[in-house]
Chemist: 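I'd like to ask some things about the structure below.
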Amino acid sequence: MRRSRLATLALTLAASLGVTLTLGAAPAQAAATDRYVALGDSYASGVGADSYTSESGSCLRSTNAYPALYNANIRPASYRSVACSGATTTDVINNQLSALSSTTTLVSVTIGGNDVGFASIMSTCVLQGETQCVAAVQAAEDKARTQLPGKLANVYNGIRSRAPSARVVVVGYPVFYQLGTICVGLSATSRAKINEGINLVDDITRTAATSAGFTFADVRSIFVGHQLCSYGEKWLHALNYLNLTVSYHPTAAGQSGGYYPVFRSAAG
């Protein structure tokens, strides 16, 4: 009798788990019918992750970028990335939104860093020292507070206008440095100020995305332990004098281990 009851309970539990697993798989099944378009800058195109597609030219779209990884793993009904290295919010509006349509069901976008001058700030910090570095970041923070919310709102309004039924995931930026470690190069003050600036951009972006009714995918936590000056595997390129373009961008491991799982979770 006891064995019979145990067997019955086991079958009941298995059936219950079967239902649970089926329900859990539903988002992936739904994703297979998605029409997905990826927008954004170099962090979305995959600069630093190698394996760039020939069709992307100077936009440097990588097969290791998080949108391409989503396409390879989830296999939505259609996929197109128009993300481009160096893109600003104006570039997204003028050159990328046309990829969207009323049939688009999923959109990802990473944008805003170039609007506040990420690249020029890092050049200043590396070449001109701590005082100029702190001043450059502070100027960018002031610009971000006054200009970035409106610029992001324009992008998000454009996305919603062209793809009214789409799920939209706004993906942020990782903080570059792990603080409190022994690290050569920039001073601790410069590193802390750079992190402060990135956090501000991410926080402004999160607020703007939430206001638009979009999902914000925050990659900051998952990159902890993999930042520059950390002791773990680095998911970001340090300054590379032989290939300046990849400097301070995610590696292929940063895209697959950091960006992709955060975006995959947010995309549903």
Side-chain angles (χ1 to χ4, degrees), residues 28 31-115 118-119 151 154-156 158-163 165-174 214 217 219 235-237 240 242-264 266-267:
T33 67
D34 273 329
R35 302 182 67 83
Y36 170 37
V37 177
L39 314 173
D41 58 22
S42 55
Y43 283 71
S45 71
V47 170
D50 298 320
S51 188
Y52 305 115
T53 62
S54 58
E55 56 79 27
S56 66
S58 61
C59 285
L60 299 176
R61 287 187 283 271
S62 169
T63 59
N64 295 319
Y66 74 82
L69 294 175
Y70 184 88
N71 176 55
N73 286 287
I74 305 303
R75 298 190 179 280
S78 68
Y79 163 69
R80 184 182 179 191
S81 175
V82 291
C84 191
S85 176
T88 63
T89 53
T90 299
D91 293 320
V92 171
I93 291 170
N94 292 339
N95 305 320
Q96 298 184 19
L97 291 186
S98 58
L100 304 176
S101 73
S102 59
T103 63
T104 303
T105 61
L106 176 63
V107 178
S108 65
V109 58
T110 301
I111 201 68
N114 291 320
D115 288 84
F118 268 9
K151 290 184 175 184
N154 288 338
V155 170
Y156 301 161
I159 292 172
R160 181 54 70 217
S161 176
R162 288 179 173 268
S165 301
R167 309 189 313 282
V168 181
V169 180
V170 177
V171 188
Y173 299 98
F214 298 163
V219 300
W235 283 357
L236 290 163
H237 290 278
N240 186 333
L242 298 178
N243 187 359
L244 291 174
T245 301
V246 306
S247 301
Y248 309 109
H249 284 84
T251 63
Q255 289 282 350
S256 64
Y259 266 92
Y260 173 67
V262 173
F263 171 64
R264 172 68 186 92

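The residues of the chain are indexed from 1 along the displayed sequence.
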Chemist: Would you compute the distance between atom CG of N154 and atom OG1 of T89 and round it to the nearest 0.5 angstrom?
Modeler: 7.5 Å
Chemist: K151 and D115: which non-hydrogen atoms are nearest, and at how many Å?
Modeler: CD-OD2, 3.5 Å
Chemist: Should the pair Y259 and Y43 be assigned to parallel (<30°), tilted (30 to 60°) or perpendicular (>60°) ring geometry?
Modeler: tilted
Chemist: Are any of the side-chain heavy atoms of L100 and I159 separated by less than 4.5 Å?
Modeler: yes
Chemist: Please give me the minimum heavy-atom distance between V82 and A99, naming the atom from each residue.
Modeler: CG1-CB, 3.9 Å
Chemist: Go through the steps to decide whether Y260 and N73 satisfy the test side chain to side chain contact (heavy atoms under 4.5 Å, CB included), and finish with yes or no.
Modeler: CA-CA 10 Å; Y260 173 67; N73 286 287; 3.3 Å; yes
Chemist: Report yes or no: does D91 contribute a side-chain atom to a donor-acceptor pair with the main-chain N or O of T88 at less than 3.5 Å?
Modeler: yes
Chemist: At what distance, to the nearest 0.5 angstrom, does OG1 of T63 lie from CG of N71?
Modeler: 11.0 Å
Chemist: Would you say that Y70 contacts V169 through its side chain, given a criterion of any heavy-atom pair below 4.5 Å between the two side chains?
Modeler: no
Chemist: Would you say the side chain of S62 lies within less than 4.5 Å of the side chain of V47, judging by non-hydrogen atoms?
Modeler: no
Chemist: Angle between ring planes, F263 versus Y66, binned at 30° and 60°: parallel, tilted or perpendicular?
Modeler: tilted
Chemist: OG/S54 to CZ/R61 distance, rounded to the nearest 0.5 angstrom?
Modeler: 10.5 Å
Chemist: Looking only at heavy atoms, which two atoms of T103 and R35 are closest? And how far apart?
Modeler: O-CD, 3.3 Å
Chemist: Can you confirm whether V109 sits close enough to Q96 that some side-chain heavy atom of one is under 4.5 Å from a side-chain heavy atom of the other?
Modeler: no
Chemist: Mind checking the CG-NE2 spacing from N243 to H249? Nearest 0.5 Å is all I need.
Modeler: 10.5 Å
Chemist: Where is the tightest heavy-atom contact between G46 and Q255, given as atom of each residue plus distance?
Modeler: CA-NE2, 3.9 Å
Chemist: Distance only, no hydrogens: is a donor on one side chain within 3.5 Å (strictly under) of an acceptor on the other, for S45 and S85?
Modeler: no
Chemist: Work out which heavy atom in G172 is nearest to a heavy atom in V219; give both atom names and the distance.
Modeler: O-CG2, 3.8 Å
Chemist: Looking at SG of C84 and CG of L60, how far apart are the two atoms once the value is rounded to the nearest 0.5 Å?
Modeler: 7.5 Å
Chemist: Is there side-chain contact between C59 and Y52, with at least one heavy-atom pair below 4.5 Å?
Modeler: no
Chemist: Heavy atoms only: give me the nearest Y36-P67 pair and the separation to one decimal.
Modeler: OH-CB, 3.2 Å
Chemist: Do side-chain atoms of T110 reach the backbone of G40 as a donor and acceptor pair under 3.5 angstrom?
Modeler: no
Chemist: Apply ring-ring contact (aromatic ring centres under 6.0 Å, His included) to Y248 and F118, showing your working.
Modeler: CA-CA 9 Å; Y248 309 109; F118 268 9; 9.9 Å; no
Chemist: Distance check, rounded to the nearest 0.5 Å: Y156 atom OH versus I93 atom CD1?
Modeler: 11.0 Å
